[in-house]
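Here the structure comes first, spelled out in structure tokens, and everything after it is commentary.
Chain letters run A, B, ... following the sequence lines, proteins first, then strands; residues in each count from 1. If you're wondering where the values come from, they're calculated on a predicted model, not measured in any experiment.
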4 protein chains.
Amino acid sequence: MASQFATIGIFAKKHDDSVARTLTTLIDDLISRGKHVLLEASHPTERPDIGRCGHDELGAACDLVVVVGGDGTLLDAGRAVAASDTPLLGINLGRLGFMVDVLPADMKTTLDDVFAGRFIAESRLMIEVSLRRADGTLEEEMFTAINECVIRNQSFARVLDFDTYMNGDFISHHRADGMVVATPTGSTAYALSGGGPVLHPGLSALALVPICPHTLSDRPLIVDAHHEIEVTVASELDGAALFTTDGQLTHPLAASDSVLIKRSPHDLHLIHPPGYDYFNILRNKLQWGRGQQAPRV
Amino acid sequence: MASQFATIGIFAKKHDDSVARTLTTLIDDLISRGKHVLLEASHPTERPDIGRCGHDELGAACDLVVVVGGDGTLLDAGRAVAASDTPLLGINLGRLGFMVDVLPADMKTTLDDVFAGRFIAESRLMIEVSLRRADGTLEEEMFTAINECVIRNQSFARVLDFDTYMNGDFISHHRADGMVVATPTGSTAYALSGGGPVLHPGLSALALVPICPHTLSDRPLIVDAHHEIEVTVASELDGAALFTTDGQLTHPLAASDSVLIKRSPHDLHLIHPPGYDYFNILRNKLQWGRGQQAPRV
Amino acid sequence: MASQFATIGIFAKKHDDSVARTLTTLIDDLISRGKHVLLEASHPTERPDIGRCGHDELGAACDLVVVVGGDGTLLDAGRAVAASDTPLLGINLGRLGFMVDVLPADMKTTLDDVFAGRFIAESRLMIEVSLRRADGTLEEEMFTAINECVIRNQSFARVLDFDTYMNGDFISHHRADGMVVATPTGSTAYALSGGGPVLHPGLSALALVPICPHTLSDRPLIVDAHHEIEVTVASELDGAALFTTDGQLTHPLAASDSVLIKRSPHDLHLIHPPGYDYFNILRNKLQWGRGQQAPRV
Amino acid sequence: MASQFATIGIFAKKHDDSVARTLTTLIDDLISRGKHVLLEASHPTERPDIGRCGHDELGAACDLVVVVGGDGTLLDAGRAVAASDTPLLGINLGRLGFMVDVLPADMKTTLDDVFAGRFIAESRLMIEVSLRRADGTLEEEMFTAINECVIRNQSFARVLDFDTYMNGDFISHHRADGMVVATPTGSTAYALSGGGPVLHPGLSALALVPICPHTLSDRPLIVDAHHEIEVTVASELDGAALFTTDGQLTHPLAASDSVLIKRSPHDLHLIHPPGYDYFNILRNKLQWGRGQQAPRV
């Protein structure tokens, strides 16, 4: 198993000076191990000893992609390699992320472990989002998301009316700023701000979390990830509507358009160092056990 | 399939005058269909034309148990028949329940349908709760719950310190009034009052919902139902602690006791009339779409 | 006191057919009482027996303004007459509002009462919102709001960083979609959707309600209405920011701009029919006591 | 002003070894300043150089009471001196409290400041709680609370039905585990766990926060502190009910009993060191700005 990672892709956060030093150390380390290194093509570099590879080809060309940056960088890399099932290893920039869980100081030790086959492999479900127009036409383009798809009003001042369906069964009519449909990975991102629960990453489920709902009993709903979710905006829109995947790609919605969300046939494959502990990261990120109120006695 | 329900058990709410009329109509109807009818033994009756059957034997003796009452009556009946996998049909008393979804006025039509094999069968996961003492001893008695297990302080004035684990992995330390571990069925009961999400009944998951947590980021956590959950109370209890299953059976907890919760090998089997629609019941019970605030203009 | 309302202004919802019938009945009624009637000038009418009055002059010209429409129409009318302290009487269109609390069927009786001096007068605090640019310049234009001022990101995909102050004292740094600063009247509108409490209209307070905060302990804060609140957006904005008053007027914010919110020297004056009961309206609008969950039994 | 504090009472947490050292330093310091020192009588001591004073006489006998312990100790001391309007200075045990805001290391400097008249005096409203029996009899005993009064079911398994009133006006019927009526000081204690907002201590308001309400739209309500609040439990109680003040004194409730809560004629008087900043303590205690989620990008 140790020999399986021969070609290593690198995907790094751009426009961030703190990346450069870690990146140099990483490349030196990989070359000294005799690895074939391919840096994502749009990242500037002056090193002649490494290859380059286009953003969308990185997955197919590499056995492992190392991401240097924050969780946002990993979301970007993850979608780029989604179709190839290539695993990702995330190195953060000094602050632990949910997915970039290797500290720069631990990078060498972690690479020793990973190349020796000592690591924890984890699969995270992703979603595929497509758009059906009011006349029933299905748009060809499909969007993969790791965290969530958000459907909402463009201007919060105008409430959005929309209906939700599960496998074609009507769930409810909603009046709200919008709706988040989140994966377990996304449950600790925007959906959490909107009042959703934490979904353990091993759970095959989607969270439907309304944002600022008009009806106070319009609570988060959790369904099995194998169901197809549909969000159809009202036939008369009071202001613009749009949908966004992973907070990065945004598309306008017309009246009566439907956003269709289903589990992707591909999973996101993460490589964690030995000792990886999801709950430990969760406790750390959510500051569990550290916030204090006035004592009751 | 129509012939499968020959012996019909009846489990009715006690001390409720509104039950009597529905019960008489039901028994007359079943006898006119040539069914063998067994009324749960503790229910008072003067009818000589029906048999009686003990509370705990009803499941094994019958092919179908008809419940007359509210969701609470069905919880009681459901636990009684849990080990036998006998299905339940719930007739309410004029107000729709989550599980007792046949109105008295529709009873005859529904029975026509059910005995003709026209019905929707649904399985709901249940949990088994056991108690491990501080010295590691596992109590023999095990409790089945359909809704939830609640671990909490006896007096709200004293906060409860406890730790949660999933399959032995530490989740977190908590300071709160308590913790609800709910099934999808129980997600619309006490767990919802505590701020938990709605879990679709087809989802194999448990919701861990802290009650009045001291730490504001101590949010509900949803995990796959195949994991074993453990809640261990502190080694020094500031006031009494206890756990309760389905809000009906309560047991004291001593310092360092652990409550173990895992999915039951048995499911609760519900029979719904044709046209059953979970989301319709949910909308109805939660008054979705009817509450109104001041318009945003 | 009965004679105090001689000149009656009318402010009606536009583009709504259901208004016309009520409006005709109202005008006939007022003329038959010998009142001088002034219809807001932009409202189309063919009646020669009434006068017209510009939107912004209605307050000064009238002793009482009758609003026909929903709460949104009353917000508009209320801001128009704010400086004149002229009282408002709200007639709804068949559905009770928080402020338009006279049903069309009760209109005649209510007018009998009001002109006989039998009514409940209530004052609601309003806020004045002004804008201080990054260089310290204070914009001349000032905005009056009855419900709330909302400061937020234009695109929810980019979190907004901002600081809050009370009378110049630093409250906190926030990362969120935005912040609502609501009056008691506005506490049942957008602020409620965002998780804020209900403020009784007799309370002299403002609610600061963060929208989708990044930090889970960033909870609503209630302060005395005599304090000045300041919300200063970050010195580097990741996406556009804006502020909106009463969901109707929107203004862009540049980096380091501050929105200043203080209690208006004028109150909104409402006239309610005898028997007016705020809590009754609240129960009705929030459907208190009608939503039901599964019984705990 | 410097000479106003001649007799100094001391009220210290019991059964806590960490108190002893701070207490010795405090007594030595006060004696060296020529102060007359009175230690609360139930606190064990071997020092012959100080006087003793009964728990309930401390307020009348002293010009200033220094509290050594946590916020809970200060609650106890505060109620003891409530009727005398004697100010309190709180020294914590190494961890900042909301009210005990002087670190042991800063004690000497703070005493220098306080005795030189350099301090910030703050008044916090308190509530008086009394009990009216079902037959209209008002119990003579009245309870003062600094944080809150909680009315609730004894066993969470049985929901409590109760009605709330403001100055005799019906607010609503509730089905819940209970209701917290909190002061601004108490808004950061139990009421916050139950989902209530933070009330700035300068606000004259009470927060009514339902605990685990059955109806999802049963939200916290904030009213002016000059109103009298009444909570009347149902005429048929399904399980025991009780009320508790400051989480320390608990009393049983019978069917149809009413708990009456009104602002106390006395305030709690706190002495803070120069530089006291409520929002700084709030940020510190709630960990504002430190909890982190997965980035949205």
Side-chain angles (χ1 to χ4, degrees), chain A residues 156-159 164-166 169-175 177 184 187-188 192 195-209 212-227 238 277-280 282-283 285-297, chain B residues 156-159 164-166 169-175 177 184 187-188 192 195-209 212-227 238-239 277-280 282-283 285-293 295-297:
Chain A
F156 70 98
R158 302 286 160 180
V159 74
T164 46
Y165 299 85
M166 186 181 89
D169 292 336
F170 177 55
I171 300 175
S172 186
H173 178 75
H174 306 263
R175 285 174 66 76
D177 276 0
S187 73
T188 50
L192 196 65
V198 175
L199 306 187
H200 184 259
L203 181 69
S204 174
L206 299 178
L208 281 68
V209 180
C212 296
H214 201 80
T215 304
L216 297 178
S217 60
D218 192 353
R219 293 281 286 267
L221 172 69
I222 318 299
V223 303
D224 192 286
H226 290 98
H227 300 305
D238 181 16
D277 176 349
Y278 172 75
F279 292 124
N280 184 38
L282 191 65
R283 289 191 302 271
K285 297 289 284 182
L286 297 189
Q287 301 280 324
W288 277 2
R290 293 183 217 176
Q292 297 296 337
Q293 303 169 40
R296 302 184 194 176
V297 173
Chain B
F156 70 96
R158 302 286 161 178
V159 74
T164 46
Y165 300 84
M166 185 181 91
D169 291 336
F170 178 56
I171 300 176
S172 188
H173 179 74
H174 307 263
R175 286 174 66 76
D177 276 1
S187 73
T188 50
L192 196 64
V198 175
L199 305 188
H200 184 260
L203 182 69
S204 174
L206 299 177
L208 281 68
V209 181
C212 296
H214 201 80
T215 303
L216 298 178
S217 60
D218 192 353
R219 294 283 286 269
L221 172 70
I222 318 300
V223 303
D224 191 286
H226 289 98
H227 300 303
D238 180 16
D277 177 348
Y278 171 76
F279 292 124
N280 185 37
L282 190 65
R283 289 191 302 271
K285 299 289 283 182
L286 296 189
Q287 301 280 324
W288 276 3
R290 294 185 217 175
Q292 297 294 340
Q293 303 169 42
R296 302 187 196 171
V297 177

Largest heavy-atom contact set with chain A, pairs under 4.5 Å, which of G196(B), P184(B), P201(B): G196(B)
Between Q287(A) and T215(B), what is the shortest heavy-atom contact and its length? O-CG2, 4.2 Å
Top contributor to chain B contacts, counting heavy-atom pairs under 4.5 Å, from G202(A), G195(A), S187(A): G195(A)
First locate atom OH of Y278(B), then atom CG of D169(A), and finally report the distance between them rounded to the nearest 0.5 Å. 13.0 Å
Tightest non-hydrogen contact, residues F170(A) and F279(B), listed as O-CB, 3.4 Å
Using a 4.5 angstrom heavy-atom cutoff, name the option from L221(A), D277(A), D224(A) with the most pairs to chain B. L221(A)
Please find the pair of heavy atoms, one from V223(B) and one from H200(A), that lie closest to each other, and give the distance. CG1-CB, 3.9 Å
Please report the closest heavy-atom contact between L203(A) and S204(B), naming both atoms and the distance. CD1-O, 3.9 Å
Tell me, do L192(B) and R219(A) make a side-chain contact under 4.5 Å, heavy atoms counted? yes
Distance check, rounded to the nearest 0.5 Å: N280(B) atom CG versus I171(A) atom CD1? 13.0 Å
With S217(B), the side-chain contact (heavy atoms from CB on, under 4.5 Å) member among L282(A), L286(A), V198(A): L286(A)
